[in-house]
Amino acid sequence: MAEEMRLDRYLAEMKQGTRSQTGALIRQGRVLVDGTVCREAKKKIRPGVTRVSLDGSEIAWARWEYFMLNKPQGVVSATSDAHAVTVTQLIGGALRKDLFPVGRLDIDTEGLLLLTNDGALAHALLSPRRHVDKVYFARVAGTMHEGIGRRFEEGMSLPDGTRLLPASLQILRRSAQEKEPICEALVTVREGKFHQIKRMFEAGGGRVVYLKRLSMGPLTLDETLGPGEYRPLTEEEIRLLKEHTK
Ligand code: URA
């Protein structure tokens with residue numbers, strides 16, 4: 001049997017305002033429960049079973065939500081920020097108010113970001129012990145040291161002493177035409193330390209000028225999503241992610 005929940009809380013979880021605001025909406029007679037006006041904020045309903053509407057529009061229930069966002073540059077990986085647009089603000093189609101980004105991408109990094117309210121899954125995906133592979137496309141300027149790939153593979157130490165787990169580097173393209181050498185590469189890391197990829201290349205003589213995350217464990221960025229676009233995960237993607245973190 002579906003668990004019961006107070007009506008004012010249901011409306012608050014489904015983004016209709018704070019608890020006091022949803023309580024006021026209910027007392028104003030704007031909320032129907034199974035087709036009948038209900039003015040009692042503490043009325044117990046059964047999410048997913050009881051039909052709830054506000055001002056004539058159905059307020060659908062979702063316990064868990066999972067979205068893949070192609071994060072654009074200039075947006076911060078946070079739920080709120082005093083100055084900048086946040087990734088959660090981009091998910092206009094979310095039903096719930098409690099989505100958060102699973103990990104962080106730098107403000108100038110693009111690509112795959114998972115947003116959910118599933119704390120257990122997020123924790124498992126981010127746990128350093130689980131070693132979930134993250135693949136990035138990087139464009140790097142400068143002359144990189146010989147043997148940088150081997151250093152990545154051995155697990156390098158950054159200048160501040162941070163020890164990194166083994167990573168892999170696959171050079172896709174080198175170009176010498178520009179003012180300075182540019183190389184494009186795929187990098188796979190199993191952890192998510194602060195500015196990790198940028199610092200890894202910097203330690204090897206390069207400077208990351210563009211960075212995009214392509215995948216996280218079994219989840220791959222849907223390339224039909226332009227920067228700033230998002231879509232819900234499919235049932236299969238959710239299943240694969242859960243299986244991967246078991
Ligand atoms: N590594 C970085 O340097 N930046 C990111 O945003 C992600 C990984």
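Both ligands and their constituent atoms are indexed starting at 1 by order of listing.
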_Can a side-chain donor-acceptor contact be found between Asp118 and Tyr66 if the only test is distance below 3.5 angstrom?_
yes
*asked:* I need the contact residues for ligand 1: any residue with a non-hydrogen atom closer than 4.0 Å to the ligand, ordered by chain then number.
replied: Leu105, Asp106, Thr109, Tyr136, His195, Gln196, Ile197, Lys198, Leu211
*Only one of Leu105, Leu69, Val87 passes side chain to side chain contact (heavy atoms under 4.5 Å, CB included) with Val75; say which it is.*
Val87
*asked:* Does Ser157 form a side-chain hydrogen bond (donor to acceptor under 3.5 Å, both in side chains) with Arg163? I'd like the steps, not just the answer.
replied: CA-CA 4 Å; Ser157 288; Arg163 285 282 310 165; 3.1 Å; yes
_Pair Tyr136 + Tyr210: ring centers closer than 6.0 Å_ = no
*Is it possible for you to say whether Leu125 and Leu99 belong to one hydrophobic cluster, with membership spreading through side-chain heavy-atom contacts below 4.5 Å?*
no
*Only counting residues at least two apart or in another chain, list the ones meeting side-chain contact (heavy atoms from CB on, under 4.5 Å) with Asp34.*
Thr50, Arg51
